[in-house]
There are 2 protein chains.
Amino acid sequence: MTDNYKSKKVISIGVVKELTGLSERQIRYNEQRKLIFPERTANGTRKYSFSDVETLVEIAEKREEGVQSFEIRKEMLKDKKSKEGDSQMRRKMIRGQLNAHFRSNDRS
Amino acid sequence: MTDNYKSKKVISIGVVKELTGLSERQIRYNEQRKLIFPERTANGTRKYSFSDVETLVEIAEKREEGVQSFEIRKEMLKDKKSKEGDSQMRRKMIRGQLNAHFRSNDRS
DNA sequence: CGTGTAAGGAATTCTGACACG
DNA sequence: CGTGTAAGGAATTCTGACACG
């Protein structure tokens, strides 16, 4: 009836920090790398959506596997296209390989 | 999969103010009257859910019609029982009567 | 590359109270 | 009853930078 709660930007960085377990520095860094796009209030405070929070968690998981921002951004675009809630599956496939750099094209 | 976005308490009073158009004073007053129940962060900052925001708007509409907190609280309990998204309908019925006080039992 | 930190400022939020009605 | 406001304090958030690697 009204809006899409999941994509509405209303969460401040402090809450995002608690929700994701990431540091403010890490959260802001992802914005700098163009991986998330929080809005700003009149005075400049960042506001995130639940969607952003989910994305941040996914990014953190990939980064732990050694994937760089550069690659993560590409994967996110691909995910957006195949419209599947699949990053979960790919993550499991990657786990065990020890380093994601060996995958340059995982269409195999 | 994860949580219920609509009921998750993550919005600060400043954002609620913008979302509802109410003053901070009015928002806090509704808590004092036991009409909404925000959570608190470690340091005491209030956090509201989208649900709270919706409730606040409904409360504001009723109050404009002259309904007192006392009555509003009763109506909210009743609404919770009849599980219908009906406050919308009742509101329209009331509109035109000019004063809600004449209704003590609208089961007619 | 990704992240920690100290630095200084600006804006937010909180409570209790006085006020009007 | 419902809401405005000034008051003073405490915690948040922001940016640019230095650091390590």
Side-chain angles (χ1 to χ4, degrees), chain A residues 9-49 52-53 55-76 98-104, chain B residues 9-49 52-53 55-76 99-101:
Chain A
K9 312 271 187 176
V10 298
I11 313 176
S12 62
I13 199 168
V15 175
V16 173
K17 175 167 55 172
E18 296 186 335
L19 258 32
T20 63
L22 299 174
S23 68
E24 291 183 20
R25 184 71 157 102
Q26 292 175 308
I27 297 169
R28 295 201 190 96
Y29 182 71
N30 285 306
E31 177 182 6
Q32 184 187 324
R33 297 324 309 267
K34 310 289 188 188
L35 291 173
I36 51 171
F37 308 91
E39 292 182 351
R40 299 285 185 129
T41 59
N43 72 72
T45 299
R46 271 168 267 248
K47 291 302 173 189
Y48 305 81
S49 66
D52 291 331
V53 171
T55 301
L56 281 168
V57 173
E58 287 173 20
I59 292 172
E61 292 173 341
K62 286 174 187 164
R63 201 160 269 150
E64 281 173 29
E65 294 161 357
V67 187
Q68 291 185 12
S69 297
F70 176 73
E71 297 290 341
I72 296 177
R73 200 178 313 118
K74 282 199 299 185
E75 289 189 30
M76 283 176 58
L98 255 165
N99 197 317
H101 282 95
F102 292 73
R103 296 152 39 259
S104 55
Chain B
K9 313 271 187 176
V10 298
I11 313 175
S12 61
I13 199 166
V15 175
V16 174
K17 176 167 55 172
E18 296 186 336
L19 258 32
T20 63
L22 298 174
S23 68
E24 291 183 19
R25 184 71 157 102
Q26 291 175 308
I27 297 168
R28 295 201 190 97
Y29 182 71
N30 284 306
E31 176 182 6
Q32 184 187 323
R33 297 323 311 267
K34 309 289 186 188
L35 292 173
I36 51 172
F37 307 92
E39 292 182 352
R40 299 285 185 130
T41 60
N43 72 74
T45 300
R46 272 168 267 249
K47 291 301 173 191
Y48 304 82
S49 65
D52 291 331
V53 171
T55 302
L56 281 168
V57 172
E58 288 175 19
I59 292 172
E61 291 173 343
K62 286 174 187 164
R63 202 161 267 150
E64 279 172 29
E65 292 162 0
V67 187
Q68 291 185 12
S69 296
F70 176 73
E71 298 290 341
I72 295 176
R73 198 177 313 119
K74 282 200 299 187
E75 289 189 32
M76 285 177 56
N99 196 317
H101 281 95

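Just so we're on the same page: letters track the sequence lines, and every chain starts at 1.
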Expected list for residues 30-38 of chain A: side-chain donor-acceptor pairs under 3.5 angstrom, two or more places apart:
from   : atom 1 : to     : atom 2 : distance (Å)
N30(A) : OD1    : R63(A) : NH1    : 2.8
N30(A) : OD1    : R63(A) : NH2    : 3.2
N30(A) : ND2    : Q26(A) : O      : 3.0
E31(A) : OE1    : R46(A) : NH1    : 2.8
R33(A) : NH1    : Y29(A) : OH     : 3.3

For this session: Applying side-chain hydrogen bond (donor to acceptor under 3.5 Å, both in side chains), name anything that partners S49(A), two or more places apart in sequence or on another chain.
Result: D52(A)

Exercise. Atom CG of L56(A) to atom C1' of dT3(C): distance rounded to whole Å?
Worked result: 15 Å

For this session: Write down the distance between CD (Q32(A)) and P (dT3(C)), rounded to a whole number of angstrom.
Result: 11 Å

For this session: Look at Y29(A) and dT3(C) and indicate whether a side-chain polar atom (N or O) is within less than 4.0 Å of OP1 or OP2.
Result: no

Output one line per pair: protein atom, nucleotide atom from nucleotides 5-7 of chain D, and distance, for all N/O pairs under 3.5 Å.
from   : atom 1 : to     : atom 2 : distance (Å)
dT5(D) : O4     : R25(B) : NE     : 3.3

Problem set entry | Partners meeting side-chain hydrogen bond (donor to acceptor under 3.5 Å, both in side chains) with T55(B) (sequence neighbours left out) | none

Seminar exercise, completed: Hits for side-chain hydrogen bond (donor to acceptor under 3.5 Å, both in side chains) against R28(A), two or more places apart or cross-chain, chain-then-number order -> E24(A)

Problem set entry | Euclidean distance, atom CD of residue Q68(A) to atom C1' of dG2(C) [Å, nearest integer] | 10 Å

Exercise. Once Watson-Crick and G-U wobble pairs under 3.5 Å are found, how is DNA chain D written in dot-bracket notation, 5' to 3', with | for any base paired to another strand?
Worked result: .||||.||.|.|.||.||||.

Contacts under 3.5 Å, N or O only, protein and nucleotides 12-15 of chain D:
from    : atom 1 : to     : atom 2 : distance (Å)
dT12(D) : OP1    : N43(B) : ND2    : 3.3
dT13(D) : OP1    : S12(A) : OG     : 3.2
dT13(D) : OP1    : G14(A) : N      : 3.0
dT13(D) : OP2    : G14(A) : N      : 3.4
dC14(D) : OP1    : R46(A) : N      : 2.8
dC14(D) : OP1    : R46(A) : NE     : 2.9
dC14(D) : OP2    : R28(A) : NE     : 3.1
dC14(D) : OP2    : R28(A) : NH2    : 2.8
dT15(D) : OP1    : R40(A) : NH1    : 2.9
dT15(D) : OP1    : R40(A) : NH2    : 3.0
dT15(D) : OP2    : R46(A) : NH2    : 2.2

Problem set entry | Residue list, side chain to side chain contact (heavy atoms under 4.5 Å, CB included) with S12(B), at least two apart or on another chain | K47(A), V15(B), K47(B)

Exercise. What is the distance from atom CD1 of I59(B) to atom CZ of R73(B), rounded to the nearest 0.5 Å?
Worked result: 10.0 Å

Seminar exercise, completed: Side-chain contact check for R33(A): nearest option of dG4(D), dG4(C), dG2(C) is dG2(C)

Problem set entry | Evaluation steps, side chain to side chain contact (heavy atoms under 4.5 Å, CB included), between V10(B) and E18(A) | CA-CA 10 Å; V10(B) 298; E18(A) 296 186 335; over 6 Å; no

Exercise. Nearest 0.5 Å, what's the OG1-CG distance between T20(A) and L56(A)?
Worked result: 6.0 Å

Exercise. How close or far is atom P of dG2(D) from atom CD of Q26(B), stated in whole angstroms?
Worked result: 11 Å

Exercise. Could E71(B) and K74(B) be called an ion pair, given the rule that one side-chain N must be under 4.0 Å from one carboxylate O?
Worked result: yes

Seminar exercise, completed: Rounded to whole Å, the CG-P distance (N30(B) to dG2(D)) equals 9 Å

Exercise. Do L19(A) and Y48(A) come within less than 4.5 Å of each other through their side chains, counting heavy atoms only?
Worked result: no

For this session: Please round to the nearest 0.5 Å and tell me the distance separating atom CD of E65(A) and atom CD1 of I72(A).
Result: 9.0 Å

